[in-house]
Structures are given as C-alpha cells and as structure tokens.
Number of protein chains: 2
Amino acid sequence: MDDETPDCGHDHDHPRVAHEALAPHLLERAAAIFRAAGDPGRLRILHCLLCGEHCVSDLADESGDGLSTVSQRLKILRAERLVTRRRDGKHIFYGLADEHVAELVRSALDHARHDH
Amino acid sequence: MDDETPDCGHDHDHPRVAHEALAPHLLERAAAIFRAAGDPGRLRILHCLLCGEHCVSDLADESGDGLSTVSQRLKILRAERLVTRRRDGKHIFYGLADEHVAELVRSALDHARHDH
DNA sequence: TTCACAGTTCATCATTCGTTCAACTGATGG
DNA sequence: CCATCAGTTGAACGAATGATGAACTGTGAA
C-alpha cells in the first residue's frame with residue numbers, strides 16, 4: 001500500500017474531521033443500548049422504574065400486557081444492563097441500573113415533548 | 001363500574017407509584033428517537049456529526065457504505081429530527097439537530113465504554 | 001410432599017427493519 | 001440545452017424483532 005491518502009472522490013474543502021476511530025464493538029454496544037430502549041413497551045417499563053423498583057406482576061398490570069411479554073422485555077433490558085434484578089420472596093424486583101440510565105430516559109422524553 | 005380500584009391480583013405492599021400517565025404518543029415518539037439511534041450505521045453517522053457538519057459523500061466514505069444506504073439512514077435520522085439539512089451548491093450538509101442530541105449520543109457511548 | 005403463585009424460557013408467527021440496485025430529481029458547468 | 005455530479009426515492013428481499021401460549025423453574029405455604 002502507498003500512503004494513507006483517503007482517496008476521496010469529491011472536490012469540496014473537507015470539514016475538520018477529528019475522528020477518534022470509535023471501536024466497532026463500542027459502536028455496536030451503544031447502538032444495542034439505544035435499540036433496547038427503542039421500543040414503546042420497554043421504554044414504558046424504564047419510565048415506570050424511574051420512580052423506584054417494581055416487580056414483574058406490577059409492570060404487567062401497568063402496561064396491560066401478559067407476564068410472559070413483560071418478562072421478555074425485561075430480559076432484553078437486562079441484557080443491556082439497563083435494569084437490575086433483585087429477588088424478594090416470591091417476587092422479583094427490577095430497577096434502573098444507575099442514574100446514567102435514568103438520565104438517558106428523561107432526556108429522550110424531554111426531547112420528545114419539546115420537539116413534537 | 002364500582003370505584004377505581006386497580007384490582008391488583010397480588011398481595012405484597014406496593015412501592016410508591018406516582019405515575020404521571022405519560023401520553024402514549026409521547027412514549028411512541030421517545031421510543032422512535034431511541035430506535036433511530038439504535039442502529040450501528042446510523043449511530044456512526046451521529047458520532048461523525050459530533051465534530052461538525054458533513055456532506056453525504058463524506059459520510060459514505062467514512063463508513064464505506066454506498067450513497068444510497070447513507071441517504072436512507074439520514075432520512076430516518078431526519079424523520080426523528082435528530083439531524084438538520086443544509087444545501088450548499090451541489091452538496092447537502094447534515095449536522096446534529098441540537099446539543100440535546102449530542103448529549104444523548106455522548107451519554108450512550110460513555111455508558112457503553114464504562115459498562116461491561 | 002404437594003399445591004399454588006411468580007417468573008422464565010422456548011418455539012412459532014407475523015411484522016418490521018436495513019441494504020441494495022435501479023430509476024429519478026436537482027443543481028452546476030460547459 | 002446537455003452532461004455530470006450529488007443525493008433521493010422506490011421496490012424487493014432476506015434478516016432481525018416482538019408478542020404470545022405452552023411448558024418449565026423456583027419459592028413459600030399448608
């Protein structure tokens with residue numbers, strides 16, 4: 001290979017491109033986080049959890065969906081580490097993983113409100 | 001109907017649930033925003049735009065994908081008002097819609113880095 | 001141990017999604 | 001006007017996704 005010329009086919013003056021490479025797996029992970037939150041059913045769950053822990057049955061009641069459906073949603077949220085799990089007797093309580101996640105959810109809801 | 005008892009089938013003491021109702025269309029919109037950002041190809045574009053405007057051809061070069069592919073991605077990002085469009089001669093420049101969006105992207109990438 | 005309750009997992013199925021090629025629009029330059 | 005470059009749009013197709021009922025796991029009570 002010759003040099004690292006980016007053989008760009010166009011002629012305009014390029015903007016300042018200070019690319020910090022952004023590892024592919026990082027991109028994939030961040031996208032997966034967004035994707036997990038990008039479903040109304042799952043986002044509703046995250047919103048519920050903004051005000052504290054809930055057990056699966058409660059979440060099912062609040063959304064009007066079946067236990068199975070809610071459990072599947074929680075599984076996906078958990079796979080992305082967006083929620084935590086805690087057993088207490090018969091019930092399993094879910095909560096937001098950290099304040100970072102809470103901020104992300106609030107931020108998107110704000111944007112949705114403000115934008116319309 | 002009797003009263004507004006939420007006929008909850010379980011027996012544990014419920015956590016403080018201060019639900020602010022969260023309009024369905026708002027939920028749908030917020031989810032759509034996350035969904036738009038929840039694809040590696042589109043997220044890479046958003047990341048590129050963190051450091052300023054780019055035209056479609058540049059974005060295509062940076063990702064190694066075709067013009068058509070990138071254009072479709074931008075269409076989705078634009079539908080959710082995540083990016084802006086500006087024509088300058090032959091080229092069309094895209095940029096992040098506002099600092100709010102930039103924050104959202106940075107936040108998710110941080111979370112992806114910090115997490116696993 | 002046996003039953004019931006709370007959740008999870010599995011398999012299926014319809015829907016949605018993302019990429020691609022080809023055809024189209026629109027501005028610039030000769 | 002015509003050719004060309006930059007980008008968009010539409011249709012097609014395979015891949016990924018989400019909901020659901022049935023079967024399964026695990027905990028507490030009788």
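Throughout, a chain's letter reflects where its sequence line sits, starting with A, and its residues are numbered from 1.
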Listed once per pair and sorted, the side-chain hydrogen bond (donor to acceptor under 3.5 Å, both in side chains) pairs that draw on residues 93-104 of chain B, sequence neighbours left out |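 Applying side-chain hydrogen bond (donor to acceptor under 3.5 Å, both in side chains) to every pair that reaches into residues 93-104 of chain B, excluding sequence neighbours, yields A/S107-B/H100, B/R85-B/Y94, B/E99-B/R106.
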Distance check needed: [N] [atom2] versus [X] [atom1], whole Å only.
X: B/L77; N: D/dG7; atom1: CG; atom2: P; value: 16 Å
X: B/K75; N: D/dA11; atom1: NZ; atom2: C1'; value: 12 Å
X: B/D58; N: D/dG7; atom1: CG; atom2: C1'; value: 13 Å
X: A/L59; N: C/dT8; atom1: CG; atom2: C1'; value: 15 Å
X: B/H91; N: D/dT4; atom1: NE2; atom2: C1'; value: 13 Å
X: A/D61; N: C/dG7; atom1: CG; atom2: P; value: 10 Å
X: B/F93; N: D/dT8; atom1: CZ; atom2: C1'; value: 17 Å
X: B/I92; N: D/dT9; atom1: CD1; atom2: C1'; value: 13 Å

Look at the side-chain N and O atoms of B/Y94 and state whether any lies under 4.0 Å from the OP1 or OP2 oxygen of D/dT8.
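Yes, B/Y94 has a side-chain N/O under 4.0 Å of OP1/OP2 on D/dT8.
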Q | Close side-chain approach of B/L67 to B/S57, heavy-atom, < 4.5 Å | A | yes
How about B/L104 and B/I33: do any of their side-chain heavy atoms sit closer than 4.5 Å?
-> yes
Among all residues two or more places apart in sequence or in another chain, which pass the salt bridge (Lys or Arg N to Asp or Glu O under 4.0 Å) test with A/R73?
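Partners of A/R73 by the salt bridge (Lys or Arg N to Asp or Glu O under 4.0 Å) criterion, ordered by chain and then number, come out as A/D65.
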Using the side-chain hydrogen bond (donor to acceptor under 3.5 Å, both in side chains) criterion, which residues pair with [X]? Sequence neighbours excluded.
X: B/R86; value: B/E53
X: B/D39; value: none
X: B/E80; value: B/R29

Q) B/L67 near the nucleic acid: base, sugar-phosphate alone, or nothing, with a heavy-atom cut-off under 4.0 Å? A) base
Quick tally for nucleotides 23-30 of chain D: nucleotides whose base has a protein heavy atom under 4.0 Å get B, sugar-phosphate-only ones S, the rest -, giving ----SS--
Protein heavy-atom contacts under 4.0 Å, written 5' to 3' over nucleotides 14-22 of chain D as B (base), S (sugar-phosphate only) or - (none), form the string ---SSSBBB
If I compare all heavy atoms of B/F34 with all of A/G38, which pair ends up nearest, and what's the gap?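 Heavy atoms only, the tightest pair is CB-CA, 3.5 Å.
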- prompt: Looking only at atom types and distance, does a side-chain atom of B/R42 sit under 3.5 Å from a main-chain N or O of B/A37, one as donor and one as acceptor?
  reply: no
